Amino acid sequence: MAYHAKKCGIRFQPPAIVLIYKEQAKEKDRQRIMPVRNFSKFSDCIRAAEQLKNNPRHKQFLERVSLQQLEKLCAVLKGHLQGQNLTESLQKIQQETVLDHDEDLNKLDDKELKKRKSLMDKLFEKNCKKKDDPEFVYDIEVEFPQAAQQESCGWDDGSDIEF
Amino acid sequence: MAGDGHMVPELDQEKYDADENVKIICLGDSAVGKSKLMERFLVDGFRPQQLSTFALTLYKYTTTVDGKTILVDFWDTAGQERFQSMHASYYHKAHACIMVFDVQRKITYKNLNTWYQELREYRPEIPCIVVANKIDADLKVTQKNFNFAKKLNLPFYFVSAADGTNVVKLFTDAINLAVSYKQNSQDFMDQVMQELENFELEKKVEEEEEDISDKEEYDNHLAKPHTA
């Protein structure tokens, strides 16, 4: 069944996910409102997103909406229930979903480090060739000629390497 | 002292003196991908041994070098790197080192300095390979010039644990370097360290002897086994 999701947003009161979609072979865009039930400022956004995605009534409409997007929308809702304004909520989500490359991960505790690692794992999984993949090649050698390495990485400043 | 390795009872490090055993250690900051690299190299053959008391993971690997069977132990950190320093037993008897940074994070490159200094404190001569991991994130980095390895005249590899680029090459080369270090090195510092250890042992025994002879009879003193 082809429902083409075009936009997905959130309504705060009463809490609901709003989906604008197009049905195959039909002209008009349609709107579907899916209530987010039993959601409080203490709720787990991942679970709420999963529940929506697996809900038999909404499932087919949400097929092309990623779990991450639903999770993010739930996080905005949660922020609202905690009294944050939209800018604050979005900032917080940004911090939690985007890796700060300047952060010293050696200084984090286990829980925080795990969070950062799971963000990194997303990229890893995306680029990962698994061993059961038909295209998997065990030994891949690529030469990166030094002659082509003209530009400095910008991380050497000469003075700090004392050897 | 490098000799602290003896204090760890479950870890038999004596075996690394045998010809067919080599020990290769991994160094680098948290989350640079050390374990991911190990896992990519060993693919299905990996059965890591977690030694959580020592914040350490061991990976065993068997291969042949010049027709001889070689048993490799790869030592990987398990959180201990957070203190930007490893226990002396981690370095003890290592034959090669794989030092990793994340091309997306400058701080992990900067910290190579600290890692290298500590490595050289314990193992002044062993081969050390510098590894730029996660090049799949942005292949453009492979056109850039990273001076750290060049300055120290160390081998340098661009790799990706995710897509596998140069991972097998890295580990095969590391094993070869470890084996040839073991066979050929007249490691002066190793000998010096050995001498120092012996020297300290002797000194300890002497001190003990003095202590005893102060308090006890000469006969007793002779009966005391000379161990430290």
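Every heavy atom of this structure was used, including side-chain atoms; hydrogens, water molecules and symmetry mates were not. If you're wondering where the values come from, they're calculated on a predicted model, not measured in any experiment. The sequence lines fix the lettering, A, B, ..., with proteins before strands; numbering per chain opens at 1.
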Checklist line | Single hit among B:Phe158, B:Tyr157, B:Phe156 for side-chain contact (heavy atoms from CB on, under 4.5 Å) with A:Phe144 | finding: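 In the set B:Phe158, B:Tyr157, B:Phe156, the residue that makes a side-chain contact (heavy atoms from CB on, under 4.5 Å) with A:Phe144 is B:Phe158.
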Answer with side chain, backbone, both or neither: which region of [X] has an atom nearer than 4.5 Å to a non-hydrogen atom of chain B?
X: A:Phe136; value: side chain
X: A:Gln146; value: side chain
X: A:Leu113; value: side chain

Notebook entry, point to check: Take atom CG in B:Asp19; do more than 12 heavy atoms of anything else shown fall under 6.0 Å from it?
Noted result: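 Result for CG/B:Asp19: open.
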Checklist line | CG-CG distance between B:Asn111 and A:Asp104, expressed to the nearest 0.5 angstrom | finding: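 Rounded to the nearest 0.5 Å, the CG-CG separation comes out at 6.5 Å.
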Only pairs of heavy atoms separated by less than 4.5 Å count here; which of [options] has the most with chain A?
options: B:Thr172, B:Thr165, B:Asn145, B:Val167; answer: B:Asn145
options: B:Leu112, B:Leu170, B:Ile107, B:Thr108; answer: B:Ile107
options: B:Lys150, B:Lys134, B:Arg40, B:Gln84; answer: B:Arg40

Check: Will you find, in the side chains of B:Asp29 and A:Asn106, an N or O donor that is under 3.5 Å from an N or O acceptor?
Finding: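 There is such a pair (donor and acceptor under 3.5 Å, judged by atom type) between the side chains of B:Asp29 and A:Asn106.
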Check: What are the two closest non-hydrogen atoms of A:His101 and B:Arg105, and how far apart are they?
Finding: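 Looking at all heavy atoms of both residues, the closest pair is O-CG, 3.4 Å.
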Next item on the list: Just do the side-chain contact (heavy atoms from CB on, under 4.5 Å) check on A:Glu141 and B:Asn166 with the steps written out, would you?
Entry: CA-CA 5 Å; A:Glu141 279 186 32; B:Asn166 291 337; 4.0 Å; yes
Against chain A, label [X] side chain, backbone, both or neither, depending on which of its atoms sit under 4.5 Å from a heavy atom there.
X: B:Gln104; result: both
X: B:Ile135; result: side chain
X: B:Phe171; result: neither
X: B:Val159; result: neither
X: B:Phe41; result: both

Item checked: A:Lys129/B:Asp136 ion pair, N-O < 4.0 Å ->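 Salt bridge: no.
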Notebook entry, point to check: Could A:Asp156 and B:Lys144 be called an ion pair, given the rule that one side-chain N must be under 4.0 Å from one carboxylate O?
Noted result: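 No.
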Note to self: Classify the ring geometry of A:Trp155 against B:Tyr109: parallel below 30°, tilted from 30° to 60°, perpendicular beyond 60°.
What the structure shows: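 Aromatic pair A:Trp155/B:Tyr109 classed tilted.
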Notebook entry, point to check: Judged by atom type as modelled, is there a donor-acceptor pair below 3.5 Å linking the side chain of A:Gln150 to the main-chain atoms of B:Gln143?
Noted result: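 Checked: no pair found.
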Notebook entry, point to check: Based on non-hydrogen pairs under 4.5 Å, which of A:Ala147, A:Gly154, A:Pro145, A:Cys128 is most in contact with chain B?
Noted result: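 Most heavy-atom pairs under 4.5 Å with chain B: A:Cys128.
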Next item on the list: Could you tell me which of A:Met120, A:Glu125, A:Lys117 has the largest number of non-hydrogen atom pairs under 4.5 Å with chain B?
Entry: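 Option with the top pair count is A:Met120.
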Margin query: Pair A:Asp121, B:Lys36 - check side-chain contact (heavy atoms from CB on, under 4.5 Å), show working.
Written below: CA-CA 10 Å; A:Asp121 278 347; B:Lys36 286 260 195 307; 3.2 Å; yes
